[in-house]
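Worksheet: one structure, shown below.
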Amino acid sequence: MPGNEAGKQPGKRLRQPIVVVLGHVDHGKTTLLDKIRGTAVTAKEPGLITQHVGASVVPASVIERLAEPLKKIIPFKLIIPGLLFIDTPGHELFSNLRRRGGSVADFAILVVDINDGFQPQTYESIEILRQRRVPFVVAANKIDKIPGWKPHPDTPFIISYRQQAKWVQEELEKKLWDNVIAKLYELGFQAERFDRVKDFTRTVAVVPISAKTGEGIAELLAVLAGLAQRYLQHRLRFAEGPARGVILELREQPGLGTTADVIIYDGVLKRGDLIVTGGLEGPIITRVRALLMPKPLQEIRIAKRELEPVGEVYAAAGVRVVAPELEKAVAGAPLYVATSEEEAKKLAERVRQEIEALRIKTEAEGVIVKADTLGSLEAMVEALRRRGIPIRYADVGPVAKRDVIEAVASKEINKFYAVILAFNVKTLPEAEEEAKKHEIPVFRHNVIYQLLEDFEKWYREQTEAERRKELEQLVRPGKIRILPGYVFRRSNPAIVGIEVLGGVIKPGYPLMREDGKRMGVIHQIQDRGKTVPEARAGMAVAISIKGHVMVGRHIDEGDVLYTDVPEKHAIMWLTKYKSELSDDEKVVLKEIIKIKRRQNPAFALTI
Ligand code: GDP
């Protein structure tokens with residue numbers, strides 16, 4: 001909390017809860033937001049749907065009117081002035097609604113296509129909501145696509161549902177359970193259709209809707225509003241006083257320079273206010289030159305709304321702020337009003353610390369992270385930490401040459417982390433070249449989940465290949481016996497018939513006698529006249545042995561030989577690659593170690 005708290009008196013008035021819409025791509029987030037705005041317009045109160053910058057408000061009176069037919073089922077009187085919806089769905093902007101330890105969003109609608117069920121971004125949305133501790137309701141969308149569904153446009157779900165055939169109702173219930181409620185249970189949430197929820201503090205309410213036909217929109221808004229005013233009153237109590245907000249997006253505006261679209265979640269922002277926000281080069285103290293809000297219009301569907309200057313805005317609001325030096329600001333940074341120069345300095349220090357805490361710069365092993373905003377950087381860092389992936393360097397901005405240099409330095413410690421994970425940012429040409437030269441992979445995506453997935457897949461493949469390669473180089477335990485009557489050549493090289501008693505032998509493996517004395521190296525293995533790459537327990541083959549080994553002098557028919565496993569290899573077998581040994585190899589390894597310890601009692605002692 002910023003230090004300007006003291007000047008504020010939380011009043012009795014409640015502000016609009018700030019609501020975001022999240023969910024998997026194509027599940028209907030945009031359609032739902034359009035519908036919510038459109039529903040309010042057709043409620044014939046266009047003047048009331050105050051359009052904001054980056055957000056729109058659906059007033060309480062509209063929600064009450066829509067919910068009129070439901071009065072018996074959901075009795076409520078709204079004391080909140082309405083709901084403020086963030087206009088851009090998805091998590092790109094959601095992550096910028098950051099507030100230390102949480103989110104500026106008070107509530108979320110998680111949109112799930114009832115027919116398609118949970119998808120990667122559904123899971124990711126829940127992960128983010130959990131992490132930011134944002135309560136949510138689920139909109140089980142596209143009920144109009146359920147086979148046999150007869151649409152009743154812009155009707156409450158309950159009323160439309162009652163008019164469906166029994167088998168259609170059953171189909172809906174089944175999909176609702178299989179694709180939504182059961183999935184929430186799997187994630188540890190208790191969930192229920194909204195009209196069956198007894199305790200909303202423990203159960204996630206699921207509202208079946210169609211963003212296309214408008215069925216269920218009344219309930220969705222009623223449930224949201226009801227829940228917010230009932231359970232979030234402490235958060236929604238409006239404080240008269242200096243504004244607090246967050247930069248959602250920065251925009252170049254001809255004639256005005258860089259402007260900031262800001263969501264104000266508390267207090268009042270006025271033209272001329274002294275404000276403190278943050279950038280990558282440090283905190284910014286500046287003054288509001290102008291505040292811009294959309295002109296009220298009768299028709300909501302006009303895409304490009306003209307903005308006009310206003311004198312002040314009250315939370316909750318979305319407003320475009322015009323002020324000098326905003327070109328140095330970063331999206332996701334907090335924005336506070338200061339009541340004096342002195343307070344501004346204090347707030348600036350707080351902002352500086354907050355932003356610095358999100359940027360990572362170490363000398364340790366780890367990946368390099370670049371993201372487009374402070375919000376997405378924070379989300380990336382948190383997601384990586386949860387997965388136990390170390391981070392060497394993390395910052396906002398395009399992938400630059402210095403990031404590649406960081407990755408090269410990381411490579412020296414652990415080559416599998418010498419990568420750049422670029423979220424929604426470009427790679428500068430110079431960096432591209434440098435990355436190619438040093439073979440630094442650059443992973444790019446605008447979905448965090450996908451970006452991490454891509455990296456993890458690459459990581460698994462690389463480490464597995466490395467493991468295989470290392471494993472290939474280890475001498476495996478093997479035990480053989482020279483078969484009596486099968487000496488083909490006595491020396492240079494010695495060629496004898498053997499049987500493998502246990503484990504494996506391969507060309508290149510050194511051999512030793514039962515007394516631990518080295519007896520040359522296996523040169524070739526032949527099975528019925530054909531050269532083979534190895535021989536396993538139970539096989540009888542011919543081997544040639546390179547080195548100063550003479551049958552009859554150093555070794556003899558009937559002798560038992562072992563592979564001469566070097567100590568380093570033995571330790572690897574006992575530790576990292578234990579699970580790679582077969583049972584008979586394990587037995588043979590024990591015998592080998594026993595032989596070795598006769599000469600060196602500390603041989604392969606791993607503890
Ligand atoms: P987003 O990616 O989550 O924003 O999804 P969109 O809102 O763009 O919707 C994706 C597609 O699904 C579009 O073609 C929509 O028209 C369609 N759609 C969205 N909601 C519904 C719905 O309730 N019923 C039907 N039949 N189609 C829908």
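Every number for a ligand or one of its atoms is a count from 1 in the order of the listing.
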Sequence neighbours excluded, the answer for ring pair (Phe, Tyr, Trp, His ring centres under 6.0 Å) partners of Y123 is F118
Using heavy atoms and a strict 4.0 Å limit, residues surrounding ligand 1 turn out to be H24, V25, D26, H27, G28, K29, T30, T31, N141, K142, D144, K145, S210, A211, K212
Quiz item: cation-pi between R359 and Y393, 6.0 Å / 45°:
no
Does CZ in R386 sit with more than 12 non-hydrogen atoms of other residues, nucleotides or ligands closer than 6.0 Å?
yes
Mind checking salt bridge (charged side-chain N to carboxylate O under 4.0 Å, His left out) for R251 and listing every partner two or more places apart, or none if nothing turns up?
E249, D261
Salt bridge (charged side-chain N to carboxylate O under 4.0 Å, His left out) filter on E215, not counting sequence neighbours, yields none
Does R13 make a cation-pi contact with F238 (under 6.0 Å, within 45 degrees of the axis)?
yes
